[in-house]
Amino acid sequence: MRKLIQFIWPNFTRSSCSRVPSAEIQETSNNNDVIIPLYRRSLATISPSRSHITLSGICGLSLALLFTQTAHAEDLYAPDDWIINQDTHINAGDRMIVNADAQVTLAAGITLAIDSGAELIIKDGVNVNVDSGAKIEVYGSLLSQGLAGNETRFTSSLASPTHSSWQGIYANSGAKVNLSYTQISHAVTGIYANLTVINDDASDNDTQINVEHSRFINNSYGAFFYQLNNQIPLTANLQYNQFIGTQNHHLYAMGGSPMMATQIDARYNWWDSALAVTVASKIFDSRQSPLGLNVDYSDNYFSASMQSTQERSLAISLPTELLIDGEYGLFNDYYAVANLNISSGQILTLKAGNTLTIKAGVKLNLASGAQLIIEEGAKVELEDSANITVAAGATWQLNAGTQVLSALNVQLNIYGRLYAVGTQDNRVYFGSSFETPEKGRWFGIKAMSKSRIYLSYTQIKHANYGLWFYLNTYSTTSTSQAVLNVNHSYFNENVNGIRLEDAYGANYISASIQYNDFVDNDIHLYTQDKVTGGASVDARYNWWNTTDFTDIAAKIVDKKASTTGMLVDYSQYRLSNDIADIPQNLIYYHFPDALYEETKGYRLENNSIIEGNTSTKASQEIVLQAGHQLTIKAGKTLTIVAGSSFIIEDGAKLIVEDGAVINSAGTWSVADNAELSFGASSKIKVSAGSWAVAENAKLNFGHSANVTIAAGATWQLNAGTQVLSALNVQLNIVGTLKAQGTEDNLVYFGSSFETPEKGRWIGIVAFGKPNINLSYTQIKHANYGLWLYLNTNSTTSTSQAVLNVNHSYFNENVNGIRLEDAYGHNYISASIQYNDFVDNDIHLYTQDKVTGGASVDARYNWWSTTEFADIAAKIVDKRPAQQACQLTIVNIAYPMILLIFRRI
């Protein structure tokens, strides 16, 4: 029983027909009338003329239109000019044959139906002219047997046909359609396989569509296949055909559920374009949607002449004929003309000297467990918008001398492993396929997730991103970390040489970028740690195309350049592209391991230079050797971390250039006769630990230099040490200052000017709860020889400030010693004894800003005179002028109580 079927697309319903009553078939000739009895199930009336026969009233046709006595009963022959103007069936068991060069006409809106078990055979040269809205429905078998040079044609009968002038050939479940040298034109759908309902009348439901050497011209759709499920099987082969002028898709293949197993063989066709991306856009299959069926349209022709098929082309999956000893080998040049998948466990090897071309828009995908191996001297070429994707767990290996040449918008996506291992004389090359390439001509290599990238003796050129490592998957353990290892490679003329981003800020990554050349990139190395920061990159021993550190730093974005950047160590950069031209005395980020000597620490010799912000490591001992020099470049920072030590040996020299900074939380020691020079606006902060300066060392501070000894830290200076200061130099003591000279070898604080005057530098300023111990020390030419400013409230003796100055000299200062208590009830132990105060504007100035009460023991000093009134005139304390000591109060509220006696 035939079923009424609602088509999914286009939206047509099969028409039902009624049988005509039994009748006789008459032929009228010019000579006489002949009644011919024929084998039939029903009869139809024929009104023939000599050259034209009209067939009417033939719904459920089962007759032979043959005017010969030798016809077989099951073979029915159509007249040479067959006009079908009503819905017509060829019944089960009948075989209708249309002889060569006949004319068949379907009137407007008519359906010619070939029932299950019926067959329509159309010979070469037949023209089937179809009026608008008409169609051919196949439940049984349609065989169109054109010949080269004498095609069978299914076309519109309209004078000015469009892409949708008639409906097309509809193949239903169980139908068999075989077309050879056949042309189908101006149809809504050239062939439409609508496999939605099991056909109970069919002997089997395996629908077979075989089309070869045929042409689909100016149709809305060339071929459209819809398979509801695997219970309605489809076998489809379309080969050596031409699809020309199709309005929508040449081939549209869709299933009723995702990832169906059906394979459509559509190789060796001309798809109206030689451009793979254009071809792909006209074919709907599993590459466009999970609902698409699998279509192999590889080995496509590259012109309508059908004489330029691309030999050795690949699509969808690897052909078994390439499998040799467990590997798929490409021993010639091959072309990926449609999306190609390398499945888990498959190994595809491009043999030495051959080329794999990935056509425009085509994707080569490596599944987890797959391998792609490019042998030495082989080449991969990617046309516009093509790409290669290596999934997590997959591997792409490139050997020495291989080339990967990319056109516009080509992107190489790595989620798994990329190994590009060349040699010094035969590098792996990634670059542009343009004859005159420029920066950014292809997208580049983009590594994502927890990929592992190994590049050695590799060159990457003319990309937008030579290598973009984007950590977009959260990995919290070292066992799941991403790996970046790039060495002995070249990054030339890219917009970005290497870009490294961590989207989470807490990923584990092993990043080593060493012994490479970065030349003419807009940015050599860009890093970003988007959340918290903390990832570090070892980028030592590279040639950055210049020896100027400022120029190098300008093309590296790291944590110094941006708060969201990563820590990048690009110290010990090479001074040329000579791989061995690595100076050991250039330091950045940390001290090179090459400087380490067992039991002796990291030894600095010759003229070592800290070119960039540098930090010691805990337990590290840095030694500037006797007689050698270390320079900290302008604006750079040396950090001495807690637990580490920085030792400047006898006679060594430290130069801290303008604006440079030393932060010390460890142990910093300066040996005898060492010389330390601090440039303008340089800063020294001892936040913890100690800074010990041995005898006869020399410290020279430039304009506006600044020293801060934090609470808990200690600055110790020994006999013979000189501290020379320029304008606006201030020595800030919040912790401990110990200056301990000897009677014959004083510690000296003074001006660096050749002809100094009073107030040429600010002086020593102590804050908070400092501990000041000066013995056999001289302070000269300052604005404040020593200014003790108690600006932190200490209410117990255990937290008191300490001032102990003895056997010292305060000469030619504006203020010798100035002592202020900002709270008025600070605990302070203040002893100023056995000192000389000479030629200061004020020898001793005290102020207790609130209530007063602090006392200072200033006995046994020499005040530069024996005249008590002159002594008192230069001391500001609490005593009113009328008291016995007759000390002068100089308009100061709440001065301290001062015990003062002349020194004899």
Side-chain angles (χ1 to χ4, degrees), residues 2 15 17-29 34-107 110-130 134-146 152 154 169-172 174-180 182 201-203:
R2 290 187 299 277
S15 300
C17 299
S18 59
R19 305 280 184 179
V20 298
S22 297
E24 293 182 340
I25 298 176
Q26 277 190 331
E27 178 184 5
T28 303
S29 67
V34 179
I35 303 297
I36 305 174
L38 298 173
Y39 171 82
R40 60 188 181 276
R41 291 192 183 125
S42 64
L43 298 177
T45 301
I46 300 174
S47 304
S49 66
R50 186 174 183 84
S51 61
H52 185 85
I53 299 175
T54 300
L55 178 62
S56 61
I58 310 178
C59 190
L61 178 65
S62 180
L63 51 88
L65 303 179
L66 177 68
F67 309 105
T68 173
Q69 299 290 333
T70 60
H72 296 290
E74 68 275 12
D75 289 344
L76 310 177
Y77 289 80
D80 291 344
D81 194 354
W82 182 14
I83 298 175
I84 304 173
N85 53 24
Q86 292 187 19
D87 291 338
T88 301
H89 285 263
I90 301 175
N91 285 340
D94 291 340
R95 183 168 66 175
M96 174 65 72
I97 300 171
V98 182
N99 285 322
D101 302 319
Q103 300 290 322
V104 179
T105 302
L106 269 70
I110 291 302
T111 297
L112 173 59
I114 305 167
D115 288 347
S116 295
E119 186 175 3
L120 174 61
I121 300 172
I122 302 177
K123 299 292 187 178
D124 59 287
V126 171
N127 288 315
V128 181
N129 302 297
V130 187
K135 65 175 180 279
I136 299 172
E137 281 203 40
V138 184
Y139 296 88
S141 175
L142 170 63
L143 176 63
S144 175
Q145 297 176 313
T152 299
F154 293 82
I169 299 171
Y170 285 22
N172 297 279
K176 309 292 187 291
V177 176
N178 293 276
L179 309 181
S180 180
T182 297
D201 292 340
S203 59

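Any value given below was found using the heavy atoms of this structure, including those in side chains, with hydrogens, waters and symmetry copies removed.
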### Message
Quick check on side-chain contact (heavy atoms from CB on, under 4.5 Å): which of Asn127, Val126, Ile122 does Phe154 satisfy it with?
### Response
Ile122
### Summary
Per side-chain contact (heavy atoms from CB on, under 4.5 Å), Gln103 is matched among Asn129, Val98, Asp80 by Asn129
Nearest heavy-atom pair of [X] and [Y]: which atoms, and what distance?
| X | Y | value |
| --- | --- | --- |
| Ile121 | Arg95 | CD1-CD, 3.4 Å |
| Asp115 | Tyr139 | C-CB, 3.9 Å |
| Ala134 | Ala107 | CB-O, 3.4 Å |

#### Entry: Ile97 and Lys123, any side-chain heavy atoms less than 4.5 Å apart
yes
#### Entry: Side-chain touch Val138/Leu120, heavy atoms, less than 4.5 angstrom
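No. Closest side-chain heavy atoms not under 4.5 Å.
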### Task
Could you tell me whether a side-chain N or O of Ser116 sits under 3.5 Å from a main-chain N or O of Ala92, the two making a donor and an acceptor?
no
### Message
Donor-acceptor check, side chain of Asp87 to backbone of Thr111, threshold 3.5 angstrom: yes or no?
### Response
yes
Nearest 0.5 Å, what's the [atom1]-[atom2] distance between [X] and [Y]?
| X | Y | atom1 | atom2 | result |
| --- | --- | --- | --- | --- |
| Thr105 | Asn85 | OG1 | CG | 10.0 Å |
| Met96 | Asp75 | CE | CG | 10.5 Å |
| Leu106 | Ile136 | CG | CD1 | 6.0 Å |
| Leu142 | Thr182 | CG | OG1 | 8.0 Å |
| Thr152 | Asp101 | OG1 | CG | 9.0 Å |
| Glu137 | His89 | CD | NE2 | 8.0 Å |

### Query
How would you list, by chain and number, every residue that makes a side chain to side chain contact (heavy atoms under 4.5 Å, CB included) with Asn178, sequence neighbours excluded?
Leu143, Lys176, Asn210
